[in-house]
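Only one structure is covered here, and it is reproduced in the block below.
Computed from heavy atoms alone, side chains included, the values below leave out hydrogens, waters and symmetry copies.
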Amino acid sequence: MDSIVFQHQEYIDKAKKAINFYFACNQWSGLKKSNVDNWLANFSEDLLHKYYAIRLLSQLLYYSENDMVAMLSEGIFNGVLSKEVLLSCQVPSGFKMNQQDLQFEFRMRLNKTLFVPLLDSNQPYESGNQISRILTQQLRIPTPQVTVSTQINDNYNSLDYLIIVDDCIGSGDQCRDFWNEARVSNGNLLSKWCEVNNIKAYYVVLIGYEDNIKKLEKDLPSLNICCVELLQEEHKIFSENSVIWHDSEEMKEAFKFFSGITEEFGLELLGYNDLDFAVIMHKNIPDWSLPMFWRKVPDWDILLERKNSHG
């Protein structure tokens with residue numbers, strides 16, 4: 001057997017075992033094995049084609065529900081609130097506060113914080129509902145402290161912090177639009193409400209594309225951005241520096257293959273804003289992941305459905 005053919009077959013066999021392990025340990029918590037099998041069946045039995053498909057699939061950046069809980073906790077408790085306690089208490093005291101006093105200060109700040117899941121045009125899509133459930137059920141944030149922007153009224157004016165929470169960010173457009181357009185119950189802008197009431201605003205997102213996070217920080221200076229895990233150029237599928245493929249030449253060949261098959265089926269190759277990631281957040285796949293995973297067209301089986309899969 002040719003050495004390249006052997007290497008491809010060996011990779012396929014190992015990748016299949018890895019995928020079975022992901023299901024066994026619930027790492028791919030929002031997928032069904034049948035969805036994976038059907039998606040792989042989109043591709044021909046040609047060994048090279050099977051290799052490209054399963055290599056792409058096995059390199060999914062998949063964040064399970066447990067991952068999301070841990071990352072949200074990291075961003076809120078070890079990120080935003082710990083930072084606030086550090087700056088306002090630990091630094092001024094010369095790091096001499098005892099643990100009991102620090103815990104008291106931490107709880108005080110938590111009690112003075114309002115959490116707002118970032119919703120697409122304030123519509124209760126799955127990702128927003130999921131974030132709300134994690135906050136209240138698993139992180140035990142009191143339900144009255146989790147709300148949508150349009151429900152914010154004078155009862156919240158005495159708070160110190162607003163934390164907008166989101167699962168993932170690719171282009172940054174949704175966050176930018178939300179901060180510039182979201183309004184509270186009286187019709188005023190949310191950003192203005194924070195300014196008038198001296199409320200410090202944070203945006204906590206679990207994963208985000210580093211280049212566009214940096215642009216957001218420049219565009220939205222009144223919003224403090226905390227991203228738990230940054231995606232970089234190397235995480236893109238078709239980047240010269242991609243870690244998905246064996247080398248840049250293999251990436252170029254894979255690009256040609258996927259360009260051809262997506263054109264054949266009438267699919268876009270790249271996601272929103274021409275991004276090319278393979279990211280899934282439990283049961284939610286962002287539109288900046290490759291459309292071949294989520295765009296429904298005739299004779300093509302998708303991996304995971306999203307709200308605009310059919311058009």
Stacked cation flag Arg109 on Tyr161, 6.0 angstrom / 45 deg: no
Between Asp166 (side chain only) and Val205 (backbone N and O only), is there a donor and an acceptor less than 3.5 Å apart? no
Is it true that Met108 and Leu114 fall in one hydrophobic cluster, defined by side-chain heavy atoms closer than 4.5 Å? no
Shortest non-hydrogen contact between Leu81 and Thr113, atoms and distance: CD2-OG1, 3.8 Å
Phe23 atom CZ, neighbour heavy-atom count above 12 within 6.0 Å: yes
What are the two closest non-hydrogen atoms of Ile163 and Val204, and how far apart are they? CG2-CG2, 3.7 Å
Smallest separation among heavy atoms of Tyr63 and Met71, with atom names: CD2-SD, 3.6 Å
Quick one: are the ring centres of Trp300 and Phe265 less than 6.0 Å apart? yes
Determine whether a donor-acceptor pair (N or O, by modelled atom type, separation under 3.5 Å) exists between the side chain of Ser289 and the backbone of Val279. yes
So does Tyr11 have more than 12 non-hydrogen atoms from other groups sitting under 6.0 Å from OH? yes
Are Leu102 and Phe104 linked, directly or through intermediate hydrophobic residues, by side-chain heavy-atom contacts shorter than 4.5 Å (ILVMFWY only)? no
Would you check if the side chain of Asn197 reaches a backbone N or O of Ile199 as a donor-acceptor pair within less than 3.5 Å? no
Please tell me whether Trp288 and Asp276 have a donor and an acceptor in their side chains that are separated by less than 3.5 angstrom. no
Run the salt-bridge test on Lys50 and Glu45 with the 4.0 Å N-O cut-off and return the result as yes or no. yes
Short question: side chain of Ser309, backbone of Arg295 - any donor-acceptor pair under 3.5 Å? no
Non-neighbouring partners of Glu210 that pass side-chain hydrogen bond (donor to acceptor under 3.5 Å, both in side chains), sequence neighbours left out: Gln232
Measure from the side-chain N and O atoms of Tyr22 to the backbone N and O of Tyr62, and report whether any donor-acceptor pair falls under 3.5 Å. no
Compare every heavy atom of Lys236 with every heavy atom of Ser242, then report the nearest pair and how far apart it is. OG-O, 2.8 Å
Validation row, ring centre Trp39 to ring centre Phe293 under 6.0 Å: yes
Can you name the closest pair of heavy atoms from Asn111 and Leu159 and give their distance? O-CD2, 4.0 Å
Pair listing, side-chain hydrogen bond (donor to acceptor under 3.5 Å, both in side chains) test, anchored in residues 253-267, at least two apart: none
Please name the pair of heavy atoms, one in Ile12 and one in Leu47, separated by the smallest distance, quoted to 0.1 Å. CD1-CD1, 3.5 Å
